[in-house]
K.L.:
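One structure, as structure tokens, below. Some questions next.
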Number of protein chains: 2
Amino acid sequence: MKVVISNHTQEIEAIIKTGRVLTNESDRFSYSFDASFGTYLPDLVVQTKSTEELVSLVKFANREKIPLYPRGQATSLSGGPLSVKGGIILDLSVMNDVLEIHEEDLVAVVSPGVLTANIHKAAEEKGFMYPPDPSSSHVSTIGGNLAENSGGPRGLKYGVTKDYVIGLEVITPEGELINTGGRTVKNVTGYDLTKLIVGSEGTLGIITKAVLRLIPKPKATATMMVIFDSLVDAGRAISKILSAGIFPSKMELMDQASIVAVEQFEPLGLPVDAAALILIEMDGHPLALQEEVSQAAELCRTVGARDVRIPKDKAEEAELWRARKLVSPAIVRIKPTKISEDATVPRSKIPEMCERLQEIRDKYGVHLVVFGHAGDGNLHPNIICDKTDHEEMSRVELAVSEIFTAAIELGGTLSGEHGIGIMKAPFMEMELGAAGLDMMKRIKDVWDPNNIMNPGKIFPEPGQKMELS
Amino acid sequence: MKVVISNHTQEIEAIIKTGRVLTNESDRFSYSFDASFGTYLPDLVVQTKSTEELVSLVKFANREKIPLYPRGQATSLSGGPLSVKGGIILDLSVMNDVLEIHEEDLVAVVSPGVLTANIHKAAEEKGFMYPPDPSSSHVSTIGGNLAENSGGPRGLKYGVTKDYVIGLEVITPEGELINTGGRTVKNVTGYDLTKLIVGSEGTLGIITKAVLRLIPKPKATATMMVIFDSLVDAGRAISKILSAGIFPSKMELMDQASIVAVEQFEPLGLPVDAAALILIEMDGHPLALQEEVSQAAELCRTVGARDVRIPKDKAEEAELWRARKLVSPAIVRIKPTKISEDATVPRSKIPEMCERLQEIRDKYGVHLVVFGHAGDGNLHPNIICDKTDHEEMSRVELAVSEIFTAAIELGGTLSGEHGIGIMKAPFMEMELGAAGLDMMKRIKDVWDPNNIMNPGKIFPEPGQKMELS
């Protein structure tokens, strides 16, 4: 039974002494959507910088069984912050005051509302690097990155957000403030609650502070663009490079549809007849890079690369990366709705996955563009469509569903970095099996007995199906 | 109420068709201890290579409420595999058949009984590296490393076991066979059960297979030994190196007591009047290494290093590392019992922790030697004693307890890499608080309602105290 929040507004306002409680519809409307699909109006929005007030609010919400939805900048592509069951959105983007770099301990301590790009900047100023670099890092908050365990192009060499989180301050769903992990890279004191909470999409508590591991900043970077007439050759080139002891920081793939879309959007001299191109970034010591770039170029040529472009200076390098950056703006020019998936497969299966994607494209007559992080198998099949066209959207629904099936059949996963949220929940059992899903659900149930923390996410409801049309 | 296992021997033998069921006392005795403290005779030992048989056995044990203790080579320093509540030890060291290197996917697939050193070897033969390298890797199984989330000297640069596990096959405490994660570095499909199970010390299930992430093998390594008249200078040297963008793969600290013990054991020309020495290993491209070694040496000298020794060839390099390798054999010559702790502090607190350790040594008159992984704050305070001397052991008890308190007061953790097991369980609440410990215990209770998986570990029993005397 749904709780009528308006009966509780005064009590909530009494708890949120230093912050704001937004009740009017126009304010709430701006919290009703994220970067994914669907619109859900919250009953109330709370903004506060005070952890103590949040603790009291969670205790109150738990007692009254009111759903809570932590939210950062709402760049989620899986519906993470949407208030699908009504209730209160917690706007944590206002918690942006803490950004400390502790050089001696090689850690950053941050509050959830800090923009990820600001962490990059603060670390680099001191000669360090915070490696996770999701494409949204200039607009997304670290709190959102933590909730979703964000990835990005550096996954192969540097791992993902989770690999850099060593401690958290968390409000449990019953309103207890706990600390997990700490400031040490090594910690085996009991279960790893830190890595359980990171990536749990806000369903296990509210992160109010995080300790992030930093590394020394690599001394230099180098870029190359390699063009292929066949996707299989591109896959072989990547393997050759890795087997030679070269460990690129980024290996970004663009398929022919992406290349064509970008070239039509802004002519950059990309080869529109190529099957694929890979943009490679290496980092490390300048002397090593020089040698490794030549070696990698040679390896690519031996497996049949059509062309290897090595920029002469930083300006030419920026030009090459511009091609990759323009994919998203270019494709949304084609049609207004972009369904951005992140089905991920073992790296060796990329060519096969690309073939499966082309079959799906042709079978359902959808406009499919594929690009993404080739080094770690994390592809981004994007379907470009128009959400007001119900006939098209029902074909898109079927195509997306088959993309998920293909990824799992190839030994991959539903989601590499966007999260399950609402759209992928119906497919969870297909990947995990009933027993695997049950073990996850048990944790949710015993941590959040009243199901108030971000309900409606990750776990499918009986008979739930994906709905886009 | 304790189950009388002998009533069930026939049923267990019927389940373990292809393996062995050991019942006689001399067989069981060899399973009654590990590398820690204490002896507990199991009622039964089971050896089988069959996952199906283990699944049936777990179902049976769960129904009959019989404790199960997974065990590898029993190199645990925290009592991980000890059968403290009676019941059945599962000797998983026999599950050593699977060791596959999948070059294209940059992963190894292994069964739990494989020795960690064999994984290193298999990976290196193909040009790859499995970075986690606990000191016991030549004798310990990967299953034990997974259960305890083993660390080792490469923690700072390369992280720990958990950072390289991307998929598991696990038998749950109720006998369901589940798969967690998979073969992709990126996977955000639901909660991260993989990283919950790794490091859970066998309390959440039995790992029957694991997918490990590999990386390209660094092209070369270089070593240097740096000698200091003050621990604070040693700490400053480490910080200077990291801030200069140099990221050593190992930074091993030996305090004066360790230096003296080794030099008395085997004269290697170590400076017995030095406060500390650090052994540094760097890895990467040879050209980069050459420059970084000179730069690091210069940085160490600027902060007051007394001497920097750079080996001229591989033989001299091996000689330097021999000093570190001899610490353990050298100190057990002094007295027969070695209590090896792994209290870990934020790196900046190493000098302060060393001072606290000296105070504790003097206060309780114990023989304390400190060495360990300085880069990641993971010290190994070892107390050398004689377990038959009750008066001494009661002083050791107090000293160990104060070591834990000091680590936590300095923002560190009870255990960096050895696990909680039985000895550290009474101190869990001191680090985690009641609420934090409760959130862990909830997971244990809901995953293992009959408390059959490795009972008596991690979670303290009411009123439980450390007992060494």
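Both backbone and side-chain heavy atoms feed into the values below; hydrogens, waters and symmetry mates do not. In what follows, chains carry the letters A, B, and so on, assigned in the order in which the sequence lines appear, proteins first and then strands, with residues in each chain numbered from 1.
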K.L.:
Drop me the distance from Ser243(A)'s OG to Glu103(B)'s CD, to the nearest 0.5 angstrom.
P.N.:
5.5 Å
K.L.:
Checking heavy atoms, do the side chain of Ser239(A), its backbone, both or neither come under 4.5 Å from chain B?
P.N.:
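Contact with chain B: side chain only.
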K.L.:
I want to check something: taking the side chain as every heavy atom from C-beta on, are Lys195(A) and Lys162(B) in contact at a cut-off of under 4.5 Å?
P.N.:
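Yes - at least one pair of side-chain heavy atoms lies under 4.5 Å apart.
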K.L.:
Under the side-chain hydrogen bond (donor to acceptor under 3.5 Å, both in side chains) criterion, do Glu291(B) and His285(A) qualify, and how do the steps go?
P.N.:
CA-CA 9 Å; Glu291(B) 191 184 292; His285(A) 192 283; 3.0 Å; yes
K.L.:
So, does Asp105(A) use its side chain to make a donor-acceptor pair with the main chain of Ser348(B) at under 3.5 Å?
P.N.:
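Confirmed, Asp105(A) side chain pairs with Ser348(B) backbone.
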K.L.:
Hey, which of Val160(B), Thr413(B), Asp342(B), Asn149(B) is the one that makes side-chain contact (heavy atoms from CB on, under 4.5 Å) with Lys186(A)?
P.N.:
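Exactly one candidate clears the test, Val160(B).
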K.L.:
Which atoms of Ala244(B) come close to chain A, meaning under 4.5 Å heavy atom to heavy atom: side chain ones, backbone ones, both, or neither?
P.N.:
backbone
K.L.:
Examine whether an atom of Ile246(B) lies under 4.5 Å from a heavy atom of chain A, and if so say whether it belongs to the side chain, the backbone or both; otherwise answer neither.
P.N.:
both
K.L.:
With chain B as the partner, which of Glu417(A), Lys457(A), Lys217(A), Lys349(A) has the greatest number of non-hydrogen pairs under 4.5 Å?
P.N.:
Glu417(A)
K.L.:
Taking every heavy-atom pair that is under 4.5 Å apart, which of Gly199(B), Gly235(B), Gly190(B) has the most such pairs with chain A?
P.N.:
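Of the options given, most contacts go to Gly190(B).
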K.L.:
Against chain A, label Ile458(B) side chain, backbone, both or neither, depending on which of its atoms sit under 4.5 Å from a heavy atom there.
P.N.:
side chain
K.L.:
Are Ile420(A) and Val188(B) close enough that some pair of their side-chain heavy atoms sits under 4.5 Å apart?
P.N.:
no
K.L.:
Do the side chains of Glu176(A) and Met439(B) get nearer than 4.5 Å, heavy atoms only?
P.N.:
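Answer no - side chains too far apart.
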K.L.:
Can you tell me how far apart CG (Leu193(A)) and CG (Leu432(B)) are? Round to the nearest 0.5 Å.
P.N.:
8.0 Å
K.L.:
Could you have a look at Asn179(A), Val446(A), Val185(A), Asp438(A) and say which one has the most heavy-atom pairs with chain B under 4.5 angstrom?
P.N.:
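The answer is Val446(A).
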K.L.:
Please walk me through it: do Asp163(A) and Asp163(B) pass side chain to side chain contact (heavy atoms under 4.5 Å, CB included)?
P.N.:
CA-CA 7 Å; Asp163(A) 298 310; Asp163(B) 299 310; 4.3 Å; yes
K.L.:
With side chains defined as the heavy atoms from C-beta onward, is the minimum distance between Phe247(B) and Pro218(A) less than 4.5 Å?
P.N.:
no
K.L.:
With a 4.5 angstrom heavy-atom cut-off, is it the side chain or the backbone of Val345(A) that approaches chain B, or both, or neither?
P.N.:
backbone
K.L.:
Crowded around Lys126(A) NZ? As in, over 12 foreign heavy atoms under 6.0 Å?
P.N.:
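Not buried by this count: 12 neighbours or fewer within 6.0 Å.
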K.L.:
Below 4.5 Å from any heavy atom of chain A, which atoms of Val170(B) appear? Answer side chain, backbone, both or neither.
P.N.:
neither
K.L.:
Which one, Gly182(B), Gly127(B), Gly245(B), leads in non-hydrogen pairs under 4.5 Å with chain A?
P.N.:
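Highest number of heavy-atom pairs under 4.5 Å: Gly245(B).
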K.L.:
Is it true that atom NZ of Lys59(B) has more than 12 heavy atoms of other residues, nucleotides or ligands lying nearer than 6.0 Å?
P.N.:
yes
K.L.:
Of all of Arg236(B), Glu174(B), Lys424(B), which one pairs up most often with chain A through heavy atoms under 4.5 Å apart?
P.N.:
Glu174(B)
K.L.:
Which residue out of Leu196(B), Thr194(B), Asn378(B) racks up the most heavy-atom pairs below 4.5 Å with chain A?
P.N.:
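It is Asn378(B).
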K.L.:
Quick check: does any side chain N or O of Arg442(A) sit under 3.5 Å from a backbone N or O of Ile443(B), one acting as donor and the other as acceptor?
P.N.:
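Absent.
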K.L.:
What option among Lys219(A), Lys157(A), Met129(A) has the most heavy-atom pairs under 4.5 Å with chain B?
P.N.:
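Going by pairs under 4.5 Å, I would pick Lys219(A).
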K.L.:
Answer yes or no: are there more than 12 heavy-atom neighbours, outside Lys240(B) itself, under 6.0 Å from its atom NZ?
P.N.:
no
K.L.:
If you count heavy-atom pairs under 4.5 Å with chain A, which of Met428(B), Glu201(B), Arg213(B) comes out on top?
P.N.:
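Looking at each option in turn, the highest pair count goes to Met428(B).
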K.L.:
Under 4.5 Å from any heavy atom of chain A, what part of Thr344(B) do you find: side chain, backbone, both or neither?
P.N.:
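For Thr344(B), heavy atoms of backbone and side chain both lie under 4.5 Å from chain A.
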K.L.:
Would you say CD of Gln290(A) has more than 12 non-hydrogen atoms from neighbouring residues, nucleotides or ligands within 6.0 angstrom?
P.N.:
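Counting other residues, nucleotides and ligands, CD of Gln290(A) stays at 12 neighbours or fewer.
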K.L.:
Would you say that Leu106(A) contacts Leu242(B) through its side chain, given a criterion of any heavy-atom pair below 4.5 Å between the two side chains?
P.N.:
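Answer yes - side chains close enough.
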K.L.:
For the interface with chain B, which of Thr203(A), Leu289(A), Ile197(A) has the highest count of heavy-atom pairs at distances below 4.5 Å?
P.N.:
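Greatest number of close heavy-atom pairs with chain B: Thr203(A).
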K.L.:
Let me confirm one number: the CG-CD1 distance from Leu156(B) to Ile215(A), rounded to the nearest 0.5 Å.
P.N.:
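Spacing of CG (Leu156(B)) from CD1 (Ile215(A)) equals 10.0 Å.
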K.L.:
Using non-hydrogen atoms only, which part of Leu437(B) is less than 4.5 Å away from chain A: side chain, backbone, both, or neither?
P.N.:
neither
K.L.:
Who wins among His102(B), Glu431(B), Arg183(B), Met440(B) for the most heavy-atom pairs under 4.5 Å with chain A?
P.N.:
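Of the options given, most contacts go to Met440(B).
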K.L.:
Give the member of Ile238(A), Leu204(A), Val107(A) that has the highest number of heavy-atom pairs under 4.5 Å with chain B.
P.N.:
Leu204(A)
K.L.:
Which one of Tyr191(B), Trp447(B), Phe459(B) satisfies the ring pair (Phe, Tyr, Trp, His ring centres under 6.0 Å) criterion with Tyr191(A)?
P.N.:
Phe459(B)
